[in-house]
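These notes are about the structure you will find just below.
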Amino acid sequence: MKITVVGAGAVGATCADNIARRQLAQEVVLLDIKEGLSEGKALDMFQTATLNGFDTKITGSTNDYEKTKGSEVVVITSGIPRKPGMTREDLIGINAGIVKGVAENILKYSPKAIIIIVSNPMDTMTYLAFKELGLPKKRIIGMGGILDSARFKTYLSLAMNVSPNDLHGMVIGGHGDTTMIPLTRLATYNGIPVSRFLSEEKLQQVAADTMVGGATLTKLIGTSAWYAPGAAVATLVESIVRDQKRIFPCSVYLNGEYGQKDICLGVPVVIGAGGWEKVVSLRLSESEKAAFAKSADAVRTMNNVLST
Ligand code: NAI
């Protein structure tokens with residue numbers, strides 16, 4: 001198994017590190033446009049092999065796509081991240097050009113790869129990749145909902161003072177501060193609805209904290225986060241590589257599912273060796289359905305910017 005991570009910045013490097021530590025591949029290639037950055041980070045990371053107990057080989061590449069040849073999974077994190085006060089949508093102009101160029105280069109050497117899009121605005125970048133690359137839809141997956149769900153479970157655990165590992169919860173819809181939908185009604189503490197433990201007011205606070213989870217970190221750190229994003233991507237990669245058939249909310253191309261067509265948006269999907277294998281349909285309440293439709297409208301408006 002060979003995995004390429006494009007973008008050796010904060011998220012890409014953390015993602016490669018997680019992939020190596022979990023031994024998901026024989027080789028990880030880290031590619032970046034900045035001279036020397038990916039080689040340096042790859043070597044630094046590979047020097048942790050005897051310390052962290054893995055033998056995945058990590059190599060760097062300054063924009064030489066030949067080195068990525070034959071990758072089975074490719075993660076695209078290249079692009080600019082947001083700064084305090086910016087929305088993910090502010091990044092569209094620059095990142096669209098970067099994602100398109102990178103994806104085309106990748107396909108020249110790895111025509112069978114499953115492509116994971118991380119660059120923001122992620123739903124629009126996933127849609128762009130789907131439209132431009134002409135790949136089967138199941139091989140293009142946008143990662144955002146796994147991260148947002150991890151944040152959701154973290155805020156729930158803080159509010160309930162229980163282990164996040166006993167909590168289940170999903171965030172669907174767009175990967176944006178105002179477009180994501182933390183499904184508080186369906187969240188459980190080992191199968192028991194969390195509404196049994198938290199007041200409606202507290203649950204709404206958890207949902208609100210989740211929605212601005214990324215912005216909160218951007219304000220504190222001065223740029224966007226990387227530990228949880230990198231780990232979230234690796235968790236998605238793991239389900240593909242080990243064919244785990246885990247259910248995660250991912251941004252995928254919809255063709256009528258959840259009442260939406262011609263858009264990439266976060267819905268629960270089964271993730272396995274073939275990429276996203278099927279959409280899982282949840283019985284949403286009327287207000288959740290309305291929130292999903294509103295989220296789709298906002299993402300569609302963003303997608304329209306691509307053609308202007
Ligand atoms: P960063 O600035 O640390 O790294 C981005 C890297 O991309 C840089 O090293 C840069 O040299 C490289 N790059 C730029 N153009 C390139 C090209 N044409 N080819 C190859 N490499 C190129 O940024 P960070 O924090 O790693 O974030 C990366 C992206 O991921 C941003 O768009 C950010 O908004 C997004 N993000 C998405 C998340 C999600 O859940 N979907 C979570 C966190 C970040």
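Position 1 is the first residue of the sequence, and the numbers go up from there. One-based numbering, in listed order, for ligands and for the atoms of each.
The heavy-atom pair separating S78 from S119 by the smallest distance is O-OG, 2.6 Å. Nearest heavy-atom pair across P268 and M170 is CB-SD, 3.8 Å. Minimum heavy-atom separation, I115 to L135: CG1-CD1, 3.9 Å.
Applying the 6.0 Å contact sphere to NZ of K278 captures no more than 12 heavy atoms from other residues, nucleotides or ligands. Atom NZ of K137 has more than 12 neighbouring heavy atoms from other residues, nucleotides or ligands inside a 6.0 Å radius. Remark: K69 NZ is loosely packed, at most 12 non-hydrogen atoms of other residues, nucleotides or ligands lying under 6.0 Å away. Counting non-hydrogen atoms of other residues, nucleotides and ligands closer than 6.0 Å to NZ of K131 gives a total above 12. Heavy atoms from other residues, nucleotides or ligands lying under 6.0 Å from CZ of R246 number 12 at most. Atom CG of N161 has 12 or fewer neighbouring heavy atoms from other residues, nucleotides or ligands inside a 6.0 Å radius. Crowding of K2 atom NZ: a count of heavy atoms from other residues, nucleotides or ligands under 6.0 Å exceeding 12.
In this structure, G101 has no heavy atom closer than 4.0 Å to ligand 1.
Each of the atoms 9 (O) of ligand 1 lies under 4.0 Å from some heavy atom of L37. Residue V11 has at least one heavy-atom neighbour below 4.0 Å for each of these atoms of ligand 1: 24 (P), 25 (O), 26 (O), 27 (O), 43 (C), 44 (C). Atoms of ligand 1 found under 4.0 Å from any heavy atom of P229 (numbered from 1 in listed order, with element): 42 (C), 43 (C). Those atoms of ligand 1 with a heavy atom of L91 less than 4.0 angstrom away are 34 (O). Proximity to M143 (heavy-atom distance under 4.0 Å) selects the following atoms of ligand 1: 39 (C), 40 (O), 41 (N). Which parts of ligand 1 touch G144 is read off a 4.0 Å heavy-atom cut-off, strictly below it: atoms 40 (O).
Residue, atom and distance of the protein heavy atom nearest to atom 31 (C) of ligand 1 are I80 O, 3.3 Å. Counting protein heavy atoms only, atom 37 (C) of ligand 1 is closest to V118 O, 3.0 Å. Here the heavy atom of the protein found nearest to atom 4 (O) of ligand 1 is G9 CA, 3.2 Å. Distance from atom 20 (C) of ligand 1 to its nearest protein heavy atom, with residue and atom name: I33 N, 3.5 Å. Among all non-hydrogen protein atoms, the one lying nearest atom 6 (C) of ligand 1 is D32 OD2, 3.6 Å.
At a heavy-atom cutoff of 4.0 Å, ligand 1 is contacted by the side chain of I98 but not by its backbone. Contacts between N95 and ligand 1 below 4.0 angstrom, taking non-hydrogen atoms only, involve the side chain exclusively. Residue-level proximity to ligand 1 for H175 is carried by the side chain, the only part with a heavy atom below 4.0 angstrom.
For atom 13 (N) of ligand 1, the nearest non-hydrogen atom from the set S78, A8, G7 belongs to S78. For atom 30 (O) of ligand 1, the nearest non-hydrogen atom from the set A232, A228, A150, S119 belongs to S119. Looking at G79, S61, A10, P121, it is G79 that brings a heavy atom closest to atom 7 (O) of ligand 1. When V6, N120, T77 are ranked by how near their heavy atoms come to atom 29 (C) of ligand 1, first place goes to T77.
Taking the six-membered ring for Trp and thresholds of 30 and 60 degrees, Y253 and F130 have nearly parallel ring planes, at less than 30 degrees apart.
At a 3.5 angstrom cut-off on N or O pairs, P81 does not count as close to ligand 1. Backbone and side-chain nitrogen or oxygen atoms of L147 are examined, and none is located within less than 3.5 angstrom of a nitrogen or oxygen of ligand 1.
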Quick one: do E104 and K100 satisfy salt bridge (Lys or Arg N to Asp or Glu O under 4.0 Å)? Show the steps, please.
CA-CA 6 Å; E104 284 169 354; K100 183 169 179 278; 3.4 Å; yes
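The side-chain contact (heavy atoms from CB on, under 4.5 Å) test with M125 is passed by exactly one of I76, I92, N120: I92.
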